[in-house]
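Worksheet: one structure, shown below.
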Amino acid sequence: MSDICPNVAKCPIFTGILKDRTFTTNAYKQLYCEAGLEGRNKCKRFQCKQKYGKVPDNLLPNSIKTLEEIGRENNWL
Ligand code: SF4
């Protein structure tokens, strides 16, 4: 379906890394993964993948870090 994020198959958030936190995972899915282009454009994981082609495993969709900070922390800049 076109309104689901193209990264879902490989995204640990979507595939259930937060196993014991179903409520949080479902909220993320509703807000970002299954909310069309507008939703995923707000997701920091999606933005990071767009910019760097990769995403730190522990980055949350609602992280307040800037892409710049994420890049620096991971030595991608
Ligand atoms: S958390 Fe972000 S990158 Fe991962 S599937 Fe959802 S919208 Fe896509």
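We count ligands from 1, going down the list as the structure has it; atoms in each ligand are counted the same way.
A cation-pi geometry, defined here as NZ or CZ lying under 6.0 Å from the six-membered ring centre and within 45° of its normal, does not hold between Lys42 and Tyr32.
A donor-acceptor pair under 3.5 Å is absent between the side-chain atoms of Gln47 and the main chain of Leu67, judged by distance alone. The main-chain N or O of Leu59 is found under 3.5 Å from a side-chain atom of Arg45 such that the two form a donor-acceptor pair. Looking only at distances, a side-chain donor or acceptor of Lys44 sits under 3.5 Å from a matching main-chain atom of Ser63.
Nearest approach of Glu69 to Ile64, heavy atoms of both residues: OE1-O, 4.4 Å.
Other residues, nucleotides and ligands place more than 12 heavy atoms under 6.0 Å from the NZ atom of Lys29.
Counting only protein N, O or S atoms, the number found under 2.8 Å from atom 2 (Fe) of ligand 1 is 1.
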